[in-house]
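This is a predicted model, so every value here is computed, not measured. Below, chains carry the letters A, B, ... as their sequence lines are ordered, and counting in each starts from 1.
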Number of protein chains: 2
Amino acid sequence: MKPTIKDVAKHANVSIATVSRILNHTSVGYSTKTENLVRQAVEELGYRPNAVARGLINNKTQTIGVLFPDVSGMLTSELLYGLEEVAHRCGHSVIFCNTSSSGEKTLDYLQLLSEKRVEGVIFGSSLLTETYYNAITAMNIPAVLVSTKSKKHPLPYVKVDDKDAAYTATAYLIKKGHRRIAMLSGNPDDSVAGKPRIDGYREALLDSGLKGEDSLVFAADGFSYEDGRSLFTQFYETATDVTAVFAASDEMAVGALSTAYQMNVRIPDQLSIIGYDNLKISEMAIPPLTTVEQPLRDMGKKAAELLFEGMETGTPGKSIIMPHRIIERQSVKQLV
Amino acid sequence: MKPTIKDVAKHANVSIATVSRILNHTSVGYSTKTENLVRQAVEELGYRPNAVARGLINNKTQTIGVLFPDVSGMLTSELLYGLEEVAHRCGHSVIFCNTSSSGEKTLDYLQLLSEKRVEGVIFGSSLLTETYYNAITAMNIPAVLVSTKSKKHPLPYVKVDDKDAAYTATAYLIKKGHRRIAMLSGNPDDSVAGKPRIDGYREALLDSGLKGEDSLVFAADGFSYEDGRSLFTQFYETATDVTAVFAASDEMAVGALSTAYQMNVRIPDQLSIIGYDNLKISEMAIPPLTTVEQPLRDMGKKAAELLFEGMETGTPGKSIIMPHRIIERQSVKQLV
DNA sequence: TTGAAAGCGATACCAA
DNA sequence: TTGGTATCGCTTTCAA
């Protein structure tokens with residue numbers, strides 16, 4: 001088996017206490033001679049301190065847990081990228097949990113993370129239910145929400161203001177001369193990414209003296225490519241005189257783009273489309289998709305920073321609203 | 001702080017040994033009465049066993065480490081999805097490490113994982129250098145490679161046969177009537193995903209009595225969208241009479257698609273394109289991209305299964321070549 | 001059926 | 001400058 005601190009001590013003819021002291025640069029009490037002796041022993045034995053034992057004694061595992069409903073989504077991966085980066089910088093590992101949007105799996109994981117004594121939890125992209133919240137508070141460690149939020153529960157979150165961002169997208173379309181604008185939306189009952197975006201869209205319309213007709217918002221259950229496709233078909237069969245559409249996600253927008261292509265409607269000449277997220281696919285789309293950016297990696301970073309702050313100070317820290325902005329590409333046409 | 005087994009014992013008026021026995025369903029030696037007592041105490045105190053302490057005593061952390069050069073790539077996310085799924089099923093957590101293709105970071109991580117006493121390691125998508133290999137063997141735990149392999153080092157791997165898959169892609173193009181076929185390739189010095197794919201392409205050509213001209217393979221450093229774009233431009237300025245191109249990755253193929261679109265070359269009417277990977281974007285592309293599929297999620301699963309097998313048996317296990325197949329969509333035209 | 005006690009590998013306090 | 005030892009929370013003999 002792996003050598004332990006005892007083996008090193010024996011090998012160097014010193015006590016384990018001395019070895020520990022030297023390896024942790026703790027106290028100033030040891031001679032250069034013994035230090036060399038010990039370091040050499042460490043080298044020869046290929047000794048690596050056991051983080052598990054260390055974790056047991058000082059109650060610190062240097063690990064955080066991260067829960068996402070869908071690892072394979074491009075949105076999640078970007079968030080994860082940012083998270084991991086700062087976690088690593090802060091000397092922490094991340095245990096990564098794919099909840100598959102399953103309540104049971106989420107609870108399961110929370111319990112597991114609790115047993116593993118992670119020092120903090122980041123919960124991403126999905127609704128924080130009462131049960132989850134209870135499980136998290138029972139863990140008695142800091143937690144932060146990313147790309148989601150909770151009205152009822154006082155956990156700090158990092159996200160853009162969805163309503164505001166949707167407002168910006170819609171206002172952009174209006175500024176470009178569009179008057180009849182449809183929306184491809186997620187689930188209106190989704191109070192974090194669904195309803196707020198619809199509200200923002202509607203408010204922008206109203207603020208410009210346009211009317212927000214219900215018949216112009218097409219809602220799906222989720223925000224997927226497929227949702228975008230079917231919504232676009234619905235839209236195209238129903239709506240008339242629309243010159244622009246705001247899709248609540250880039251995946252949806254790309255779905256719309258594809259379907260439009262197949263239906264021979266030319267983007268942006270016959271119809272303008274704006275997306276939401278600024279995923280890599282929006283850049284790769286044909287035509288390149290104009291969209292409102294969420295700074296995903298930064299959000300991941302900020303969330304981790306917020307968590308570490310909470311771990312150090314012992315107090316939750318303040319939620320962060322991230323800025324959003326329009327990325328102009330080629331899917332929106334300026335109307336005369 | 002969190003309640004310990006001691007608290008539970010005290011609360012239930014039994015010894016910690018009894019609590020341990022009951023919680024681990026170990027031995028048959030305890031009465032239903034005490035069991036109830038203990039369970040109730042656990043409930044009341046909200047006790048969760050400390051996996052760290054447990055890990056210390058039985059030298060098992062129930063976690064594995066996973067290293068990837070790029071979390072945010074869609075390829076990686078799919079692999080990760082599969083990995084995580086079986087890890088979870090096997091009662092293990094995954095510590096997720098983004099190496100950013102940096103040698104130093106990789107070594108760093110390996111060391112960290114070693115200290116954290118993970119029980120196995122999965123190394124993905126990048127070249128296994130001598131140093132990495134040494135670091136891994138020094139950890140003295142099973143390791144498996146996914147979406148990469150090593151000629152020099154005897155670690156089991158899970159991947160498709162790149163040469164074979166490239167052969168299939170090229171042969172498909174030939175079957176469709178194409179005779180002059182270009183290739184957009186990764187780095188020819190890359191012995192795992194670079195050269196083999198070029199070899200497969202060339203061999204298919206030769207086997208059909210066509211000549212594999214060097215001037216028809218355009219190589220980049222990587223496999224990115226941007227690489228695809230610039231390669232396509234190069235290709236288009238140089239090559240003549242080509243009717244089809246084989247791109248060594250879907251991202252490259254999509255880059256080619258975009259560039260082609262901007263140059264007004266119509267796919268597949270004027271030029272056919274086939275990709276490699278079958279990422280989600282290939283389905284979302286315009287036109288939908290014909291490509292050769294790597295069963296990414298399955299590869300992730302298999303890799304994890306292979307690792308767990310190794311952890312149980314103590315022997316490495318056999319490498320797995322995953323099947324590949326053509327996914328026919330609309331980017332390749334049948335020539336008369 | 002139950003309890004006492006010896007570790008697992010490290011840290012940190014108290015003496016020497 | 002060093003060593004002995006209690007301790008972290010748990011599992012697992014060995015006795016009772």
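The ring pair (Phe, Tyr, Trp, His ring centres under 6.0 Å) check on A:H11 picks up nothing, with sequence neighbours excluded. For A:Y109, the ring pair (Phe, Tyr, Trp, His ring centres under 6.0 Å) test picks out B:H88, with sequence neighbours left out. Checked against ring pair (Phe, Tyr, Trp, His ring centres under 6.0 Å), A:Y47 has no partners two or more places apart in sequence or in another chain. Checked against salt bridge (Lys or Arg N to Asp or Glu O under 4.0 Å), A:K152 has the following partners two or more places apart in sequence or in another chain: A:E130. Partners of B:E312 according to the salt bridge (Lys or Arg N to Asp or Glu O under 4.0 Å) rule, which considers only residues two or more places apart in sequence or in another chain, do not exist here. Take B:Y133 and apply the ring pair (Phe, Tyr, Trp, His ring centres under 6.0 Å) test, not counting sequence neighbours, and it matches B:H153. A:S101 pairs by the side chain to side chain contact (heavy atoms under 4.5 Å, CB included) definition with A:P69, not counting sequence neighbours.
Rounded to 10 degrees, the angle separating the terminal helix axes of the helix from C:dT1-D:dA16 to C:dA16-D:dT1, each built from five base pairs, is 40°.
Protein atom CG of A:L23 is 8 Å distant from nucleotide atom P of C:dT11, rounded to whole Å. In this structure, the NZ atom of B:K60 is 16 Å from the C1' atom of D:dC10, given to the nearest Å.
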Show which side-chain atoms of residues 138-149 of chain B pair as donor or acceptor with protein atoms under 3.5 Å away, not counting sequence neighbours.
{"unit_1": "B:T148", "atom_1": "OG1", "unit_2": "B:S126", "atom_2": "O", "d": "3.2"}

Validation: residues 49-59 of chain B side-chain donor-acceptor distances under 3.5 Å, sequence neighbours left out:
{"unit_1": "B:N50", "atom_1": "OD1", "unit_2": "B:V52", "atom_2": "N", "d": "2.7"}
{"unit_1": "B:N50", "atom_1": "OD1", "unit_2": "B:A53", "atom_2": "N", "d": "3.3"}
{"unit_1": "B:R54", "atom_1": "NH2", "unit_2": "B:N24", "atom_2": "OD1", "d": "3.4"}
{"unit_1": "B:N58", "atom_1": "ND2", "unit_2": "B:R54", "atom_2": "O", "d": "2.9"}

Along nucleotides 5-10 of chain C, 5' to 3', which nucleotides get a B, which get an S, and which get a -, given that the test is a protein heavy-atom distance under 4.0 Å? --BBBB
Protein N or O to nucleotides 14-16 of chain D N or O, pairs below 3.5 Å:
none

